[in-house]
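The block underneath contains the structure these notes are about, expressed in structure tokens.
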Amino acid sequence: MSMDAVTPSPRHWRLASSELQGWSRALPSELHLETAEAQIETIDILDSFSWDLWRQGRLLCRHGNGYHRLCGANDTLIAQAQSKAKPRFWWELPAGRLRSSLKSACGFWSFNPVASLRLERHKFSLRNEDHKIVARLLLARTQGANGKQAYLSLLGLRGYLQEFDVVAERLAQVLKTDLGTLGLQQMLQDQGVTPTQAIKSIPAISPTQKTESAVRQMACAMSTKARIYEAGIRHDTDTEFLHQYRVSLRKARSLTSLMKNAFEPTTYARLKRLLAELSGPTGELRDLDVFLLERARYSAMLPESFDAGLKLLFRKIARERGKAHKILVARLSAPEHEQAYADLMALLQAEPEYQTRMARQTIDASAHDRTLRRYHKIIQLGNALHEGTPDPDIHALRIECKKLRYLLEFFVDLFGHAQSRHLISDMKGLQDVLGQFNDYSVQQEFLLRHGQQPRAPTELIRTVGGLTAVLHQQQREARSRVQAAFKRFARPQVTADFHALLRPEAH
């Protein structure tokens, strides 16, 4: 390919106030600068509470006409969609690539305005003596928290590489700040827009750190992370705040339970009580949230003849959800809640007591030992499976798998990220089946508890009965897949991988 057929890479400069007035005088005199009409708009940047899109190098832009654009590096378009309303969740967008991209990136988090930028664009064309356009220029002006800023971009055209190089050289002589690349994210950063600090629930620990010290440090970080979500729960921003609050506290409870021998018994009993006290009141609201989030799936389970009953059921659950939210907010605002949280943090931040053998052991040794024991427990329970295994035994296997996965996640820095991800991936098939089995069981209990009451409408009773029957069948199907899933997990290669990572002689 000849050089004339190449489209040169754009050049970008940030302009100082003095350069804003003088850059055009640096252009070659034989080229004519032609101005197009300016475009002015205000762009809202949308993101999740944790700025998930920004951290992935993406920006979700909402323009004044309801046009939504998801962009990658240097404003490369990933997906776009038009929406008359102002959607806050991916499922409120029209079906398409934007909706699916946000589903994978944000999950159940809502996306809300995190920044706003007034952007003024002036487009220019450079014409040669034959009146042919040989290059284009784009002057962008922004206004935000840090005041006004200006940028100049030189865009080349195929076949005019020589003219591009001449213009670029002239501009480079008078413009000091060459950016290399330019996009909305750079402009936002120049206006002082930065994401909130990433929330880490698992701090870095040293392999030689004593177990009690490490566990206190980790549980303290998990409990601190839970606290961050309380404002979102109170304001009812979206259901994910409550979910993440519960996850953070559940991890703290699991960690301290799995490593309870690192604490003096009285200390562990107090930790267990306080963590249960903080998380216990959240269960009812979360169950109601999950049911409402699954509305589309429940609606697809039954024929249209059940639609009237489904509407009654969802209206009833929505009313109960409103009441449950008020009750939880009152609990979170009560002095007892503040005291329980203060007591928990004081207990976790107290100096280690080192009264047990595990407390004095290195966290590296304790983590490997506990994880290997949990793996052997799963193998023992799984090998005992048969067609008539009682449901409680299957639930016990699910709980043990969950504990093993938590251990792999808690101590990923000790085990190695690649090795942990590999073993977690090997567990996924078994956990998925066990999770489905449990979910179907929980959902049936939920329906029977909330959907059947004295003097309930016939349509409602009929709908609850229909959903329960379908869920019962799905639970039976999931149950039939448990043994096969366990056999895949317990295959020789996976066993070898676990022992290679966790074998006692290596630690």
So, are Asp432 and Lys428 salt-bridged, with charged N and O less than 4.0 Å apart?
-> yes
For Glu41 and His63, does a side-chain donor sit closer than 3.5 Å to a side-chain acceptor?
-> yes
State whether a side-chain donor-acceptor pair under 3.5 Å links Ser206 with Thr208.
-> yes
Considering only NZ, NE, NH1 and NH2 on the basic side and carboxylate oxygens on the acidic side, decide whether Glu284 and Arg286 come within less than 4.0 Å.
-> no
Is the charged tip of Arg227 near the ring of Tyr341: under 6.0 Å from the six-membered ring centre and within 45° of its axis?
-> yes
Hey, what do you get for CZ (Arg118) to CD1 (Ile43), rounding to the nearest 0.5 Å?
-> 11.5 Å
What residue among Lys123, Arg127, His131 forms side chain to side chain donor-acceptor pair (under 3.5 Å) with Glu34?
-> Arg127
Sequence neighbours excluded - salt bridge (Lys or Arg N to Asp or Glu O under 4.0 Å) pairs with any residue from residues 147-156 | none
Donor-acceptor contact below 3.5 Å, side chain His235 vs main chain Ala231 = yes
Report yes or no: is the cationic atom of Arg295 (NZ for Lys, CZ for Arg) under 6.0 Å from the centre of the six-membered ring of Phe314, at an angle within 45° of the ring normal?
-> yes
Looking at Asp236 and Arg321, does any basic side-chain N land under 4.0 Å from a carboxylate oxygen?
-> yes
How about Ser279 and Arg253: does a side-chain donor come under 3.5 Å of a side-chain acceptor?
-> yes
Side chain of Asn112, backbone of Asp47: donor and acceptor closer than 3.5 Å?
-> no
Between the CD1 atom in Ile205 and the CE atom in Met218, the distance rounded to the nearest 0.5 Å is 4.5 Å
Among side-chain atoms of Asp364 and Thr362, is any donor-acceptor pair under 3.5 angstrom?
-> no
How long is the span from the CG atom in Leu278 to the CG atom in Leu344, to the nearest 0.5 Å?
-> 6.0 Å
